[in-house]
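Numbers for residues simply follow the sequence, beginning at 1.
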Amino acid sequence: MTVDVAAGYRVRESRLRTGLNLALGSWLPVVAMVIGVLSWSGYYAFFLSGLLFEIILIAVMFTRLRRAIRHEPLFAIGPDGVFLGPDDRHRPPQLEPWSRVDCVVHFKGRSPATDGHTERHVGVVKDDKIVTFRTVQGWRFNTTQAEAAIALFGQGAVLREAPFQPDVPRDGVSVIPLPREWQSANN
């Protein structure tokens, strides 16, 4: 995670973490290729299967590798608003200007597609609904630094923790209404 104090709060794809994930995922295919090369006559299937799995792994990690190499921001809070970068669910990057931000929230939620796995999310609230959000995946959300950036640039917006969301939509276009109790306590 890289934070540029002058520009607010920014989180970028970690080159080290992405490289380690690729290296850890690559060890078995590389071992299979080495076995196939060392004894090519009898075990060429090891080489071919290792090569195939390595190609699949690189294809799956391609977007993360590209973001890490380019050091693209995943999330940012700055003078223009709240930037929510692209994610693994192929949602495009989105900038929410401060005029459309009542509150920035972080919350835990579960999507029907995650088999009951709880994920942390960060999003933007407008008119008591979370209008856009991203999953905090492969990076950390620092609430202290985010609060400082919101106080500096937010034009009255604040950072809040929203209640657990049992049904987080995976499409990234649907809004999430917040419970009335939370609305009355946080307005």
Side-chain angles (χ1 to χ4, degrees), residues 1-14 17-18 62-64 66-68 70-187:
M1 173 175 73
T2 305
V3 178
D4 183 1
V5 178
Y9 174 63
R10 286 179 197 226
V11 180
R12 298 182 186 272
E13 185 79 44
S14 169
R17 183 177 294 185
T18 303
F62 178 75
T63 56
R64 286 192 66 190
R66 188 184 72 219
R67 285 193 312 241
R70 293 181 181 173
H71 215 54
E72 293 177 2
L74 299 173
F75 180 79
I77 299 171
D80 296 333
V82 179
F83 175 78
L84 298 126
D87 63 3
D88 293 338
R89 294 181 181 97
H90 306 293
R91 296 178 206 157
Q94 187 170 352
L95 175 67
E96 289 290 339
W98 288 115
S99 61
R100 293 195 320 225
V101 176
D102 292 339
C103 177
V104 178
V105 294
H106 60 99
F107 62 96
K108 291 185 179 179
R110 185 175 24 238
S111 171
T114 60
D115 297 330
H117 178 65
T118 300
E119 297 175 314
R120 190 168 183 199
H121 304 276
V122 63
V124 171
V125 173
K126 180 69 175 165
D127 299 329
D128 297 321
K129 296 177 188 80
I130 300 173
V131 293
T132 185
F133 62 92
R134 293 293 184 268
T135 305
V136 178
Q137 187 175 22
W139 54 281
R140 292 188 180 104
F141 181 67
N142 187 319
T143 56
T144 306
Q145 292 174 345
E147 280 179 338
I150 292 169
L152 184 62
F153 300 113
Q155 302 172 6
V158 292
L159 178 68
R160 300 267 191 243
E161 183 174 356
F164 178 80
Q165 300 295 318
D167 190 22
V168 176
R170 303 273 296 175
D171 60 7
V173 195
S174 303
V175 297
I176 303 172
L178 292 164
R180 290 186 198 272
E181 305 83 41
W182 188 88
Q183 293 173 20
S184 61
N186 290 288
N187 284 332

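Val11 is not listed as a side-chain neighbour of Arg140, based on a closest heavy-atom distance of 4.5 Å or more. Looking at heavy atoms from C-beta onward, Trp98 lies in side-chain contact with Ile77 at the 4.5 angstrom threshold. Contact check for Thr144 versus Tyr9: no side-chain heavy atoms found under the 4.5 Å cut-off. At least one side-chain heavy atom of Val168 sits less than 4.5 Å from a side-chain heavy atom of His121.
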Check: Please walk me through it: do Phe83 and Leu74 pass side chain to side chain contact (heavy atoms under 4.5 Å, CB included)?
Finding: CA-CA 8 Å; Phe83 175 78; Leu74 299 173; over 6 Å; no
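A pairwise comparison of heavy atoms in Arg110 and Thr118 identifies NH1-OG1, 3.9 Å as the closest pair. Residues Ala162 and Leu178 approach most closely at CB-CD2, 4.0 Å, considering heavy atoms. When every heavy atom of Phe153 is checked against every heavy atom of Gly78, the shortest pair comes out as CB-O, 3.4 Å. Residues Leu84 and Thr132 share a closest heavy-atom pair of CD1-CG2, 3.5 Å. Listed here is the closest heavy atom pair of Arg10 and Ala76: CG-CB, 3.8 Å. The two residues His106 and Arg120 have their closest heavy-atom pair at ND1-NH2, 3.4 Å.
Each of Ile130, Val158, Ile176, Leu159 was evaluated against Val105; a single residue qualifies, Ile130, per the side chain to side chain contact (heavy atoms under 4.5 Å, CB included) test. Of the listed residues (Ile150, Val104, Val122), just one forms a side chain to side chain contact (heavy atoms under 4.5 Å, CB included) with Val82, and that residue is Val104.
Between Phe75 and Trp139, the ring-plane angle classifies as parallel under the 30° and 60° cut-offs.
The main-chain N or O of Pro163 is found under 3.5 Å from a side-chain atom of Gln165 such that the two form a donor-acceptor pair.
Atom NZ of Lys126 is surrounded by more than 12 heavy atoms from other residues, nucleotides or ligands within 6.0 Å.
Atom NZ of Lys129 is separated from atom CG of Asp102 by 10.5 Å, given to the nearest 0.5 angstrom.
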